[in-house]
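Below are the structure tokens for one structure; questions will follow.
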Amino acid sequence: MDDLKTIDLLTELVSRLLSPTNPSQSDLSRSLSFATRLLSSRLSPSLSQDENAMAESIKRDLAVSGRSSDALTFSDLHSKLVARSSLPGGVQNRWALLYLLKSLSGRRSYSSGGLPSLPLENYNPNSNSASQNSTRKKNLGLGSGVLHISKDPENVRQNALREYSVLVMDDNEVEESALVRDVLYACQGIDGRYVNFRSLNGVDGYDLPDSLTLPRSTRTMVRKLCEIGWLYKKVKGFIDESTSKIPSEEVGTVGQAFCSALNDELTDYYKLLAVLESHSMNPIPTPGSDSGLQGNYLSLRRLDVWLAEPTVRMRLMAVLVDGCRGLKGGAMVGSIHRHAKHGDPLVQDFMGRLLKRVCSPLFEMVRSWVLEGELEDIFSEFFIVGQQVKVESLWQEGYRIEPAMLPSFISPTLAQRIFRTGKSINFLRVCCDDSGWAAAAADAAAHVGTSTSRWGLGYGQIDALEALVIEAAKRIDSHLMDVIHKRYRFKDHCLAIKRYLLLGQGDFVQYLMDIVGPELSEPANTISAFQLAGLLEASVRASNAQYDDRDILDRLKVKMMDYSDGDRGWDVFSLEYDAGMPLDTVFTASVMKQYLKIFNYLWKLKRVEHALTTIWKTMKPNCIVKSIIAKEGFVSILRKCQVIWNEMNHFVTNFQDYIMFEVLEVSWAQFSDEMESSKDLDDLLSAHERYLESIVEKSLLGERSSTLRASLFRLFEVILRFRSHADRWFERIYELQSRGKAESKPKSKERGQRLEGAGKAMTQLAGELFHKMGEDLDQIAKDYSNSLDIFIKQLPLQQHVDLKFLFFRLDFTEYYSCRK
């Protein structure tokens, strides 16, 4: 400031600023010296030099404060200033003048009505003490420690920084280089001389002691920079804790891969810290200068720039570590994958690199399971879990999906395909003793262009994985269905069960009923299973069943169920079919139990039908009416028997037709179509399950038909009771008829008189028998009518449409409806 005019103007300005306080000559000199030094500095505000914007800002401030007239006055004065600037001696740097006025207006005090005083009461230009510098800094409003400097085309930033350090930073107890060194230590999880790890009220972190005299901005900056050290401590602690447990089920292969990926990221972090350490000790010259700075190149602010990106990565690693704690396998992969969907390219690149490492063991498990059927899961990390079961239960119970271990990037549909493909391979290998699946798996991999070698798949190749799984599932399932249908003749065995257990082979069933009927009428504890097996073989040879495949016939056996006191052979006799491996996967013990239930039900129905046929053969009216007994009212009794028999036969015939045609045949037709269209074993099992459910529901064997089934069994009991009575009646009638024929040829008069007396006795016995028969028939007819009415009333209430149609079959003439 060598211009005398400028010095005079500055002296006048300082004098006016200090005039309200009546300053002494020493105060005036001290203030003038400070103002001269301040104006001579190279510091400049970090604002764009826009005169119009600054003028508008001043007018807006005046208007907001309620001084509208002053705002108009300022606008007029500014216009005159602009107009005179073009004249000689006019003000050229109008923006700086407006900025000065605005700054002064923001700091002035109106208590005295004058200009604000300079905050320099204790300023001593010759003093370098800490207290003097502190006061100086306070008066200058530099407590925050940050002053923005605009770009300087003359490259004088370093001079400004030196002046700034003299004005502001002289009073720090700790040099910045020492703080930088401590921050670098904290970044490695090591306590420094000033920066230490401490915990207060449950909150831990690196911080400076409160006893140090430092600007608040410096403390804030140190805390911000030390965040990465706190994060590093957490990540490193997780890695060390997990590594100490290896090998164990708590960590697993996925956990090991995660720790390895974190270690690789920390390796890059260590390299950066080494570079920063070298920068902190070696000053670097700045562009435009001949030598380096007097201080270290690596300041706290430069360190903030260097650590910005690593802090983001370290913060993300800490979040992942917190989310993965206590997890393993697919659950850990899913937890990490949830953070991959991020808009920041830096985060996306980091997560992609990390997940590629972490998912490698999981994708290798998938590849091994899909192409080889091997469950390489030592630490229970895979979402498919194997269990030790019997061979026949391998498909249903040998494996299961663990939902908690299923990563979110594998959909449930894809997981189900993966699960079924490996399960099919194991089923073929263990149950079917087949090795054709290997060629099918190799062809599938070749078709989609995927390598069958280890580590051929990885994260980011979900489409390739899905294509491989779909193709492998299609080929392996197709091979499995060929083995089931062609090699093990699944449909032939299903047809054999339908013909023998579901009584579809009519001539075989009829002959079996005739040949074993007398034997089954005996008490259950007196019947020999070996004898019944011989009778079964005789029934096969006497019917068209003898032309079936011998392998199928050998699987048909007699089974005697558990019996109790009073049971007859009819109550415990049944047939069973041994499908053998691997078909017992379909015909499991529970499935065969359902078939046994259906057989017993149909066997009762056949027994009732056989009983009615036996009654018809017993009555033979053409053999009885010619007898002398027929003249004593037997014709009316016989007619009543025939009426009851016809009504019972009508019901049994229609009900049996419904079971055999509407239930069994229709269900079999649907099952045959579904069997042909089944693409995998699960489809086949589902089709067979629906087939059984259809038979059970339509045949009144379901839970919802228990009341109706009880009514049906009461009808069967009445019919069997009718047959039992009929056997006794006609046995007695034939006995009386035989006696009458023997005594109807007298040889003498005396013998004739005796025969006449015997004839009267026989007539009396016949009358008593017919009377008893009439009473029993009336009771049987009443019981049957009541039971039938209850059964028919319940039919319309059933939910299944076929059961409602059964009502129309039984009452198509509306006879029972009108009778009600």
Please confirm whether the backbone N or O of Thr707 pairs with a side-chain atom of Ser711, one donor and one acceptor, at under 3.5 Å?
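Yes: the side chain of Ser711 pairs with the backbone of Thr707.
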Distance from Glu576 atom CD to Lys593 atom NZ, nearest 0.5 Å?
14.5 Å
Ring centroid separation Tyr399 to Trp369 under 6.0 Å:
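Yes, ring centres under 6.0 Å apart.
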Would a line drawn from the ring center of Phe490 to the ring center of Phe587 be shorter than 6.0 Å?
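Yes: the rings meet the under 6.0 Å criterion.
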What closest approach, in Å, do Asp680 and Met481 show between heavy atoms, and which atom pair accounts for it?
C-SD, 3.5 Å
For Ile425 and Leu371, the nearest pair of non-hydrogen atoms, with its separation, is CD1-C, 4.0 Å
So, Asp783 and Arg714, do they make that salt bridge, N to O below 4.0 Å?
no
Surrounding CZ of Phe713 (heavy atoms of other residues, nucleotides or ligands, distance under 6.0 Å), is the total greater than 12?
yes
Is there a donor-acceptor pair closer than 3.5 Å between any side-chain N or O of Thr585 and the backbone N or O of Met581?
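Judged by distance alone, no pair lies under 3.5 Å.
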For His650 and Asn654, which I'm curious about, is there any donor-acceptor pair between the side chains at under 3.5 Å?
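Side-chain D/A pair, His650 to Asn654: present.
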Does the ring of Tyr577 carry Lys557 above it, NZ/CZ under 6.0 angstrom from centre and within 45° of its axis?
no
When you measure from the side chain of Trp645 to the backbone N and O of Leu612, does any donor-acceptor pair fall under 3.5 Å?
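The answer is yes, because a donor-acceptor pair under 3.5 Å joins these two groups.
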Looking at Arg690, is its backbone amide N or carbonyl O close enough to the side chain of Ser694 to form a donor-acceptor pair, meaning the two atoms are under 3.5 Å apart?
no
Identify the residue among Val663, Leu664, Val509, Ile695 that makes a side-chain contact (heavy atoms from CB on, under 4.5 Å) with Leu602.
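Testing each of Val663, Leu664, Val509, Ile695 against Leu602, the sole residue satisfying side-chain contact (heavy atoms from CB on, under 4.5 Å) is Leu664.
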Would you indicate whether Asp565, at its atom CG, is surrounded by more than 12 heavy atoms from other residues, nucleotides or ligands within a distance under 6.0 Å?
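No, CG of Asp565 has 12 or fewer neighbouring heavy atoms, counting only those of other groups under 6.0 Å.
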Is the closest basic N to carboxylate O distance between Asp551 and Arg555 below 4.0 Å?
yes
Take atom CG of Asn646 as the centre, draw a 6.0 Å sphere, and report whether it contains more than 12 heavy atoms from other residues, nucleotides or ligands.
yes
Other residues, nucleotides and ligands only: do more than 12 of their heavy atoms fall within 6.0 Å of NZ on Lys604?
no
Please verify the inter-ring angle class for Trp603 with Trp570; under 30° counts as parallel, over 60° as perpendicular, anything in between as tilted.
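Rings of Trp603 and Trp570: tilted, 30 to 60°.
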I'd like to know if the side chain of Thr653 and the backbone of Asn649 have a donor-acceptor N/O pair within less than 3.5 Å.
yes
Glu775 CD: over 12 foreign heavy atoms closer than 6.0 Å
yes
So does Pro523 get a backbone contact from the side chain of Thr526, meaning a donor-acceptor N/O pair under 3.5 Å?
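Checking the backbone N and O of Pro523 against the side chain of Thr526, a donor-acceptor pair under 3.5 Å is found.
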Are Gln656 and Glu609 close enough that a side-chain donor and a side-chain acceptor fall under 3.5 Å?
yes
Have Tyr595 and Asn600 got a donor and an acceptor in their side chains that come within less than 3.5 Å?
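Looking only at side-chain atoms, Asn600 and Tyr595 do not form any donor-acceptor pair under 3.5 Å.
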